[in-house]
Amino acid sequence: MEILPQSAFALLRKQLSQWYRCARRPLPWRLVPGVYATVVSEIMAQQTRIATMLPYYENWMRRFPDFEALAAADEAEVLRHWEGLGYYSRARNLHRLSKAYVALAEKPRTSQEWESLPGIGPYTAAAIASIAFGHPSAVVDGNVVRVLARLMGEEREFASNGEAVKFFRPPADELLDRENPGAHNQAMMELGALLCLPKKPRCAECPVAAFCKSAGKPEAEALPRIVRRVVEKMEVNRVLHLENGAILLHRIAADAKRLAGQYELPEPKLLGLQPREKPLAVRTRSITHHRIVERIYRHDGPFPVKWTKQPGLALVPLEKLESLTLSGPHRRWLGEILGRTRQN
DNA sequence: AAATCGGGGCG
DNA sequence: CGCCCAGATTT
């Protein structure tokens, strides 16, 4: 896998590491590093922008400062701290991981050892082993795929993100700075996050532009070429019903595939209602390849069918909302809608 | 190999 | 509305 002439590798690594030392963001897991901080930050960052997960990270570390604290916590409280971040299996797996970790006499160190723990795949295992233990395992995430595709001028079309990750693993391994793998891996990702942007890359500021086949060219923006899934649109109606300082909520079944055990505003069909003309509020959210428009209708009663017969429906006093895990952005919605309703 | 997870922010 | 983010797991 010929990326560059051998003589160029050492200089590229040096340019990259010098840039990284100055340009790296002062992220909390860099300021207060450690094995636990690395694990939590890497799992929270999966498929999630750093800016999005940052407040969750701070809150999480206050409540669960180490593996022991997390292992001792209830799953309900763990999920409550993940509420709104999405991909909730990450939180369950991190909880399981902590319980397994504290029970281990020999703690995992290598990438291979970490990958046997729940929620740890190839990327996260390599990240933990390199950053927290200095082991020479190269990471390949979305940033690294983009940086390498442009560096190498790789124009082939990949059928999926996974295929691209597989393709760029050998060159990532070859390029890895084995003397300083943690900083090198983070530098590659930081380059993708700060300069080698998906659109309008800032090649003029790039420390490795001299080695890059796409630097300064308009073609850079088109790399990597990955076939993306079509976005599916969905529409959902929901009912807001308030009664004596309580709100009607639907608890999603514990064995449901998605959002198990979480609370949401009930859909009209659960209550035998038809959505009326004018929604109280309209909210849009998205997850992976879904884009969901949700219309929230106010209903003061009465109900055509006795809803108390429906499983999972319950009137929850507003002051008890704090301890429940609400689905996705529901807590934010309720804050907005109830705040407005109160004024009316 | 492909689908799923039903989150969010940006241009 | 399209794109993509420090991906992993299930099918």
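Letters A, B, ... mirror the listed sequences (proteins, then strands); counts begin at 1. On a predicted model such as this, the values are computed, not experimentally measured, just so you know.
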Does A:Trp82 reach a base, just sugar-phosphate, or nothing at all? Heavy atoms under 4.0 Å. nothing
Which sits closer to the 5' end of DNA chain C, A:Ala193 or A:Glu115, going by the nucleotide each is nearest to? A:Ala193
Which letter, B, S or -, goes with each nucleotide of nucleotides 5-11 of chain B from 5' to 3', with contact meaning a protein heavy atom under 4.0 Å? BBBBB--
Closest non-hydrogen atom pair between A:Gln46 and A:Arg90, with its separation: O-NH1, 2.8 Å
Minimum side-chain heavy-atom gap A:Pro33-A:Ile131 below 4.5 Å: no
Could you tell me whether A:Glu77 and A:Arg63 have a side-chain N and a carboxylate O separated by less than 4.0 Å? yes
Return whichever of A:Pro198 or A:Gly121 has its heavy-atom-nearest nucleotide of DNA chain C closer to the 5' end. A:Pro198
Ignoring hydrogens, what is the shortest heavy-atom contact between A:Leu265 and A:Leu248? Give both atom names and the distance. CD2-O, 4.2 Å
Is it true that the side chains of A:Arg30 and A:Gln186 contain a donor and an acceptor less than 3.5 Å apart? yes
What's the gap between B:dA3 and C:dA6 when it is taken at their P atoms, as a whole Å value? 24 Å
In this structure, how many angstroms lie between the P atom of B:dA1 and the CZ atom of A:Arg229, rounded? 17 Å
Just call it for A:Ser41: base, sugar-phosphate, or nothing, with non-hydrogen atoms closer than 4.0 Å on any strand. nothing
For residues A:Asn93 and A:Arg96, is any side-chain donor paired with an opposing acceptor at under 3.5 Å? yes
Between P of C:dC5 and CG of A:Leu194, the distance in whole Å: 14 Å
Grab the CZ-C1' distance between A:Arg146 and C:dA6 for me, whole Å please. 11 Å
In whole angstrom, give the distance that lies between atom CG of A:Leu197 and atom C1' of C:dC3. 13 Å
NA contact type, A:Arg30, heavy-atom cut-off 4.0 Å: base, sugar-phosphate, or nothing? base
What's the CD-C1' distance between A:Gln186 and C:dA6, to the nearest Å? 9 Å
If I take atom CE in residue A:Met188 and atom P in nucleotide C:dA6, what distance separates them, rounded to the nearest angstrom? 13 Å
B:dG6 to C:dC3 separation - P atoms, rounded to the nearest Å: 23 Å
To the nearest Å, how far apart are A:Asp141 CG and C:dA6 C1'? 5 Å
Protein-nucleotide distance (A:Asn143, atom CG; C:dC4, atom C1'), rounded to Å: 10 Å
Validation row: A:Thr288, A:Gln47 side chains within 4.5 angstrom (heavy atoms): no
